[in-house]
Amino acid sequence: MEKHYDSKQAEAKWYPIWEKNGYFHQEPGVGEPYSVVIPPPNVTGILHMGHALNQTIQDILVRWRRMQGKNTLWLPGTDHAGIATQNVVEKALRKEGKRRQDLGREAFVDRVWEWKKQYGGTIVHQQRMLGNSTDWQRERFTFDEGCSRAVAKVFTQLYDEGLVYKGNYIVNWCPRCGTALANDEVEHEASHSHLWYVRYPVVGSEKGCAGEPYKDYVMVATTRPETLPGDTAVAVNPKDERYAHLIGKTVILPLTGREIPVIADDYVEKEFGTGIVKITPAHDPNDFLVGKRHNLEEINIMNDDGTMNNLAGAKYEGMDRFKCREVLVADLEEGGFLDHIEDYENQVGHCYRCHETVESRLSKQWFVKMKPLAEPAIEAVKNGSVRFVPERWSKIYFNWMENIQDWCISRQLWWGHRIPAYYFGENIVVAETAEAALEKAKAIDPNITAEDLKQDEDVLDTWFSSWLWPFSTLGWPEKTADLAYYYPTADLVTAQDIIFFWVARMMMAGIHFMGKPPFKNIVIHGIVRDAQGRKMSKSLGNSLDPLELIEQYSADALRFSIALITSLDCDTKVNKEKFEIGRNFATKIWNAARFLESKIADAAPAITGPLTSDEKHILLATDKACKKINSLLEQYRIQDSALAVYDFFWSQICDWYVEYVKDAPDKARAVAILVDVFKKALCLLHPYMPFVTEEVAHQLGFLKEGETIMLSSFPLGYSEEEKAAWGLDEATYDFVNSKREAITALRALRAEYKVPPSTFVKVTLASDDGRIRAEEESLKKAMRAESIEFAPAGQDFAMPSKITSFATVYLSLEGLVDKAAESKRIAGELAKLAGFIKASEAKLSNENFVAHAPEAIVAEAKRKLEENKEKVAQLEKLAKLFA
RNA sequence: GGGCUAUUAGCUCAGUUGGUUAGAGCGCUUCCUUGACAUGGAAGAGGUCAGUGGUUCGAAUCCACUAUAGCCCACCA
């Protein structure tokens, strides 16, 4: 093996082999299925730390399950991401000086497809760099033919069931671009504005004197006086005692003379303005909702280009909205309705493209009725057939599902699944295909031809295809073998921020269309943040680029570090240094393998004969590690499992057993054991660090060409027969741990008394455990002892000592020691011990403690107390020596 | 405003149903390079577990309040 591990070479070599040999692919049918669908990244996306985290967790689970022998499918794919993708292509067009309208719909959509062919593979390529074991033969796209068929079928079915309907909705509208904007396309900016205080006379009130023309009025504060002609109510808070008497009364809308009601709604803030709000349902999203609740008329007073229409009143018709504001305010003042004006700073939405002030506009949109879909989805989590991990996320899920609103699914875009609704005259037909629509239309009017049918111009929300992902990707609506075998999927791994958008909706779609929830476990992990705790984002420039990290530290390093620092319970702060852990670990594995390589020729063909305690210990430690790691992964405790495998490899194998092998009494057997343990360790490590484990397994000759560690079985530990044959038992395991304590104690003594490791020392061990004498040779080596004296426990020697749970270790000092410094140190130790002793004596004299605490706890406390007392005795003796 | 969460060593975080003298990694201090590995080894310093009160024989752990921070949703006419 080379002295240095070349991660790049290994990664470049193994991934294509895995993919080409079809190790990521399995056919449905045989064995127990384990399937996962990837949260599809946007096709426009590039790999960021969030993906790296999300996909590392999935790949660990998937590789582990595959090694367990499950029939495993991890299905990859991308999302067509309506707005994002359309924007990217429009931006490119703008560089050519064109708008999408110049191309026309069909040509534009062709152009986007072209873009997708050329650039859409970026993230898919980058995912391979991570080592994802996704089945690329089954890669899908939310806008491919099959997924599109599923979308059309779902829309049609929901329409037929009465769960899809068309209704009014407020959208963000850019009057200059003439298009609707999604919420994230609206940029909010603070702007200097005013609050206009306007008097709305109560019906029946009389004219007063000058300056206060009506005696009885309500005062309304508004930032949008020009929308006044569209008001259909005035609202107060139901708990607002000041205005309780007004509720149910009628007021006169200034300038129009129209009478509108005073209503009560929680939406109104008592403290803001006057506590009275004008309600303009057609021109404000909140007012729209209030209007829905109170059945108010929606009066649209504006044209699409931002000018006023005839409903605004003859005088204002045709006027630009801002011009209208000036004129209308002047008219209010003239009519005595304007009380006063205050300066006010508010957030105003602007079009992200042309920076025009965005208008809220009433429009017809398609909706899905969510309540009937939500109920069974709530039930599925309540009754435990679907489980959130960690469990607390179910609270958030319930909170949203129980207050669910209808879902507006139409979008005024060109890139996306066009709504399969067709219009002719006053009629609407909804069908999966244009042909089917024509059939349905002919049933209504036999003379209808294809040309008479006009398809809806809008497309569906991107999530309308994503919510079908777990079954549309498996072939639905066809009855495929994949669908029958791999649905429902096992685990869904995703971040908390799309529980509503995606997870909840998949639950509803899966139950509604497949009759079963789409997955059994929903694993929610945190979000990756930077060192300051900020969300990583392009605009902040604080993102770590996973590809750069792979370049610098290797994919294995990235994966392992992510696994180690990832907590399912909270967000993860990362900085570059964290990835050194993974890099160093890969190096450690490589170097340990090199050591083994140099000894492997000495290995005995089998592990036979009476094993030493150290050999028994490593075999049992391996057994324990296998069981622990399996169990932790079963519980989705990725971080703990990574720590366990790290600790097992580094502390158990490298720090202790490899050192033991160097001086083992029966080298052939010791190496044979190391080989066996190493094989298991590589398998345990493989889900976390696929490349280095594959490379090492081949370098060491554990696998032949054409074989892969990917398909080795994940170790479960040793069988009872093996354990019996080797004489593995807990007592020996504990004994070796105790022995190590003694070795550590001796090292500490050396450090304290500044005895260099190269110096051979005289050691005395006081213990009543007979097994210790049998270990003399190995102890001498481990302690670098010139000689070891054995003495019964409790015997005192005037030498520096450390007490362990198993023996008292004495170090004979032949050199000189700084007596004053030692006296001081001992005094410090004694003070500390006195505190412990006092505390534990108090505890043990407490009858309640002795009565209630478990026996083992009490016994341990007693033992500890005795030990501390003994330590004090030793130290006092030593203090005299140094006095 | 509604919902949720966090606060433990200088830093990032563990701490599984309440129970030994609260742990890990990084960083820091001291020592150690003739071969598996200095991307290493050995030893060590460092915490009144945010605060206050309560439940309990016993609280980092359970409850209440306070302070601070963060997330999601809704956002002020």
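Each chain gets a letter, A, B and so on, in the order the sequences are listed, and its residues count up from 1.
Checking Tyr197(A) against Glu342(A) by side-chain atom types alone, a donor-acceptor pair falls below 3.5 Å. Side-chain contact of Asp556(A) with Tyr688(A): a donor-acceptor pair under 3.5 Å is absent, judged by distance alone. In this model, a donor atom of one side chain and an acceptor atom of the other lie less than 3.5 Å apart for Glu391(A) and Ser394(A). In summary, the side chains of Ser801(A) and Lys871(A) do not present any donor paired with an acceptor at a separation below 3.5 Å, with no hydrogens or angles considered. A donor-acceptor contact closer than 3.5 angstrom links the side chains of Thr280(A) and Lys278(A).
The separation between Leu596(A) atom CG and A36(B) atom P is 12 Å, rounded to whole Å. The CG-P distance, from Asp265(A) to A74(B), rounds to 18 Å in whole Å. Regarding Phe500(A), its CZ atom lies at a distance of 11 Å from the C1' atom of C71(B), rounded to whole Å. In this structure, Asp6(A) places its CG atom 15 Å from C1' of U39(B), rounding to the nearest Å. Rounded to a whole Å, the CH2 atom of Trp656(A) is 13 Å from the P atom of G41(B). As rounded to whole Å, 13 Å separates atom P of A36(B) from atom CD of Glu597(A). One atom, CG of Asn848(A), and another, P of U55(B), lie 15 Å apart when rounded to the nearest Å. Atom CH2 of Trp590(A) and atom P of U39(B) are 18 Å apart (whole Å).
With C73(B), G40(B), C57(B) as the candidates, the nucleotide lying closest to the side chain of Phe501(A) is C73(B). Comparing A36(B), C76(B), G40(B) by their closest approach to the side chain of Asn286(A) singles out C76(B). Taking only side-chain atoms of Arg637(A), from C-beta outward, the nucleotide of U16(B), G19(B), A36(B) with the closest atom is U16(B). For Lys578(A), taking side-chain heavy atoms from C-beta onward, the closest of the listed nucleotides A77(B), U12(B), C37(B) is U12(B). The side chain of Thr587(A) has C37(B) as its nearest neighbour among A77(B), A36(B), C37(B). Between G19(B), A36(B), A77(B), one nucleotide has an atom nearer to the side chain of Thr223(A) than all others, and that is A77(B). Taking every side-chain heavy atom of Ala592(A) into account, A36(B) is the closest of C37(B), A77(B), A36(B). Residue Arg747(A) places its side chain closer to A42(B) than to any other of A42(B), U21(B), A36(B). The side chain of Phe849(A) lies closest to C57(B) when the candidates are A36(B), C57(B), A42(B). In the set A36(B), U20(B), U16(B), the nucleotide with an atom closest to the side chain of Gln635(A) is U16(B).
Counting non-hydrogen atoms under 4.0 angstrom, Glu860(A) reaches a base of the nucleic acid. Using a 4.0 Å heavy-atom cutoff across all strands shown, Thr280(A) reaches no nucleic acid atom at all. Residue-level contact check: Lys862(A) touches neither bases nor backbone, having no heavy atom under 4.0 Å from any strand. Using a 4.0 Å heavy-atom cutoff across all strands shown, Glu402(A) reaches no nucleic acid atom at all. Asp287(A) comes within 4.0 angstrom of nothing in the nucleic acid, heavy atoms only. Contact annotation for Gly582(A): no contact, since no heavy-atom pair falls under 4.0 Å across all strands. Residue contacts shown for Ala221(A) include a base, since a base heavy atom lies under 4.0 Å away.
Regarding contacts with the backbone of G19(B), every side-chain N or O of Lys843(A) stays at 4.0 angstrom or more from both OP1 and OP2. Between Asn399(A) and C73(B) there is no side-chain N or O to OP1 or OP2 distance below 4.0 Å. Side-chain N/O atoms of Lys395(A) include one lying less than 4.0 angstrom from OP1 or OP2 on U5(B). Not one side-chain nitrogen or oxygen of Trp650(A) sits closer than 4.0 Å to the OP1 or OP2 atom of G25(B).
Counting only Watson-Crick and G-U wobble pairs whose two key distances fall under 3.5 Å, RNA chain B forms stems of three or more stacked pairs at B:1-7 with B:67-73, B:10-13 with B:23-26, B:28-32 with B:40-44, B:50-54 with B:62-66.
Salt bridge present: Glu298(A) and Lys292(A) bring a charged side-chain N and a carboxylate O closer than 4.0 Å. With respect to the salt-bridge test (charged N to carboxylate O, under 4.0 angstrom), the residues Glu841(A) and Lys838(A) do not qualify. Between Asp284(A) and Arg224(A) there is no salt bridge, since no side-chain nitrogen of the basic residue lies less than 4.0 Å from a carboxylate oxygen of the acidic one.
Taking atom C1' on both U68(B) and U52(B), the two are 15 Å apart, rounded to the nearest angstrom. Rounded to whole Å, the C1' atom of G35(B) lies 36 Å from the corresponding atom of G46(B). A24(B) and C49(B) are spaced 16 Å apart, taking the C1' atom of each and rounding to whole Å. On the P atoms, A43(B) is 25 Å away from U48(B), given to the nearest whole Å. For the P atoms, the distance linking A60(B) with G53(B) amounts to 14 Å, nearest Å. Rounded to the nearest Å, the gap between the P atom of A9(B) and that of G18(B) is 23 Å. Comparing the P positions of C76(B) and G1(B) gives a spacing of 15 Å, expressed to the nearest Å. Going from the P atom of C11(B) to that of A38(B) covers 31 Å, rounded to whole Å.
Aromatic ring centres of Phe388(A) and Trp393(A): separated by at least 6.0 Å.
Ranked by how close their nearest RNA chain B nucleotide is to the 5' end, Thr274(A) and Ile581(A) are led by Ile581(A). Nearest-nucleotide positions on RNA chain B place Arg594(A) closer to the 5' end than the other of Arg594(A) and Val850(A).
Taking the ring axis of Phe595(A) as reference, the NZ or CZ atom of Lys662(A) stays within 45° of it and closer than 6.0 Å to the ring centre.
Not a single donor-acceptor pair, N or O on each side, falls under 3.5 Å between the base of U16(B) and the side chain of Asp640(A). Checked by distance alone, Lys588(A) brings a side-chain donor or acceptor within 3.5 Å of a matching partner on the base of C37(B).
When each of Phe678(A), Trp656(A), Trp590(A) is tested with Phe649(A) by the rule ring-ring contact (aromatic ring centres under 6.0 Å, His included), just one qualifies, namely Phe678(A).
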